[in-house]
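Report on the following structure.
In listed order, ligands and their atoms are each counted from 1. Only heavy atoms go into these numbers, but all of them, side chains included; no hydrogens, no water, no symmetry mates.
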Amino acid sequence: MSAAWWQEGVFYQVYPRSFQDTDGDGVGDLAGVEARLDHLVDLGVDALWLSPIYPSPMVDFGYDVADHCDVDPCCGTLADFDRLLAAAHGKGLRVVLDFVPNHTSDRHAWFVESKSSRTSPKRDWYIWRDAAPGGGPPNNWISDFGGSAWEWDAPTGQYYLHAFLKEQPDLDWRNPDVRRAMYDVLRFWLARGVDGFRIDVLWHILKAEGLPDNPPNPDYRPSMGEMSRVLQTQSTDQPEVHVIAAEMRRIADTYGERVLIGELYLPLDRLMTYYGPGLSGVHLPFNFQLLEAPWNARTIEAIIREYEAALPPGAWPNWVLGNHDRPRVAERVGEAQARVAAMMLLTLRGTPTLYYGDELAIGRVEIPPERVRDPREHREPGLGLGRDPVRTPMAWDATPHAAFTTGAPWLPLHDDWRERNVALQRSAAGSPLSLHRSLLALRRAHPALAVGDIAIVDASGDILAYERRSGTDRLLVALNLGDAPAELTLPAWAHHARPLLSTLEGDAEPAGARLVLRPDEGRVLAPGAPAT
Ligand code: GLC
């Protein structure tokens, strides 16, 4: 059976506000993404996922959608989108949009109507409830951004539910009219030619019938943010959500080979259920384990083993190192290990998703307090939950504002953008960008990497090693997650293997029956005759 494009391909997430501005307002736009498509081609990825581009008051920077079937003026127009899509397809790139089903903006026409009176025909498109008998919110649910998940609406005398900001009221997915309307949104974009969707907070869209309280979280510490006071067992991840996922899947499937990727922050056993019975759910339930894992070879080996073992028959794996909500990989593990992490991401079995800027190894960006834009940070300041640091403008070259904009960028760039930018790294052999290009080229050249099997190779200490194999194509990946030299006893088939790619430059010791990795080194090797 031949692999689908979303199985052998590599995704690249673009945060449109920060990729490329073309009209000087300091905010990226679709014409900018189009102008930079060659970067993605040159890098060697196959598909881009665009975070939301729809009309929005931008209270949650596009995740508060005011109209699902149009483009926000700051991003451009529908015509710009069509041009971008055609240009991307012309270059062999697929385009995936962000679909935000759980909530809308409070300015969406549906919510404006719903809020207008208790008897509005759209009242039951959202989740309205009377106050609790003694007064106060209907239950103890907490918004993911802190505070009660309920907002009082004085004119109609009821509360409405919002899992995120009060400007993001939750839709009621138990209402068939809501489902129909949202499925029409999918059809609108699929008919325009988009190649699929990343589905925002998929595990949130259905709540337990009767909206019972969430149980308290015994492990809660204030540093986790207020949402962690309770366990979201009643407000999220309800069994009936799989019926909805399957409905979305059926719609996508009627348009040919399209992909659905679910955003799901859930434990492994729960995550796996989103493949759906008989693989009727989303194609790729996002696997975020590497975003949170301690950077330790034995822990990550266990994660890979458990994830592979938990996959339902026929389910396709995927891996993620960064996104617009979580700290950047180079900040989490440091720049030296970020190279090892890139090799891991691009050689594990399954579809990788790269986050823009990680190919430059952008690290921690300090956002001065007066420049904080993210409501997550404003609502619970100082806990490190704010997401501005990972949403800063892309750096293209060493000209003013790194050629991101001719105006004033909406967020500051990383401090070292004059040295850390695409133009400089493009021509520097040992740069993070060059490493990513080499890894992606290797992945393209080797079916073992793109679609092959994986088997963990016995290793200890800081080394993580695995074999990838497809037919006669057989490779060994050995990663040193530590900063001291480390040794691996090679399996017999890999004795005298020749190095195909190292994360480090310079001469590495040739492998015999053993392989010595330098500090912070990852290597891909292919079996071959010993050097004479
Ligand atoms: C998802 C998005 C995040 C957004 C939230 C609410 O988690 O990734 O950026 O704030 O949903 O839509």
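- When hydrogens are left out, the protein atom nearest atom 7 (O) of ligand 1 is E263 OE2, 2.9 Å; that is the closest non-hydrogen contact.
- By the 30° and 60° cut-offs, the orientation of the rings of W189 relative to F81 is perpendicular.
- With respect to R376 and E380, a salt bridge is recorded, a charged nitrogen being found less than 4.0 Å from a carboxylate O.
- Proximity to H103 (heavy-atom distance under 4.0 Å) selects the following atoms of ligand 1: 6 (C), 12 (O).
- If you look at F19 and W396, their ring centroids are closer than 6.0 Å.
- Annotation: cation-pi geometry satisfied between R326 and Y265 (NZ/CZ under 6.0 angstrom from ring centroid, within 45° of ring axis).
- The aromatic ring centroids of W128 and Y160 lie less than 6.0 Å from each other.
- Summary of contacts: the protein heavy atom closest to atom 10 (O) of ligand 1 is D60 OD2, 2.6 Å.
- Less than 4.0 angstrom separates some heavy atom of F145 from each of these atoms of ligand 1: 10 (O).
- Annotation for ligand 1: atoms under 4.0 Å from non-hydrogen atoms of V201 are 1 (C), 7 (O), 11 (O).
- Around atom 2 (C) of ligand 1, the closest heavy atom drawn from D200, D98, D64 belongs to D200.
- Residue R376 does not touch ligand 1, judged by heavy-atom distances below 4.0 Å.
- Residue R198 touches ligand 1 through its side chain alone, judged by heavy-atom distances below 4.0 Å.
- Within the listing of ligand 1, atoms 3 (C), 4 (C), 9 (O), 10 (O) sit less than 4.0 angstrom from a heavy atom of R387.
- Looking at R391 against ligand 1, only its side chain comes within 4.0 Å, counting heavy atoms.
- A ring-centre distance under 6.0 Å is not found for F99 and W49.
- Taking atom 9 (O) of ligand 1 as the reference point, the nearest protein heavy-atom neighbour is D325 OD1, 2.7 Å.
- Proximity of the aromatic rings of W316 and H283 is defined here by a centroid distance below 6.0 angstrom, and this criterion is not met.
- In this structure, Y356 and Y15 have parallel ring planes: the angle between them is below the 30° cut-off, well short of the 60° mark.
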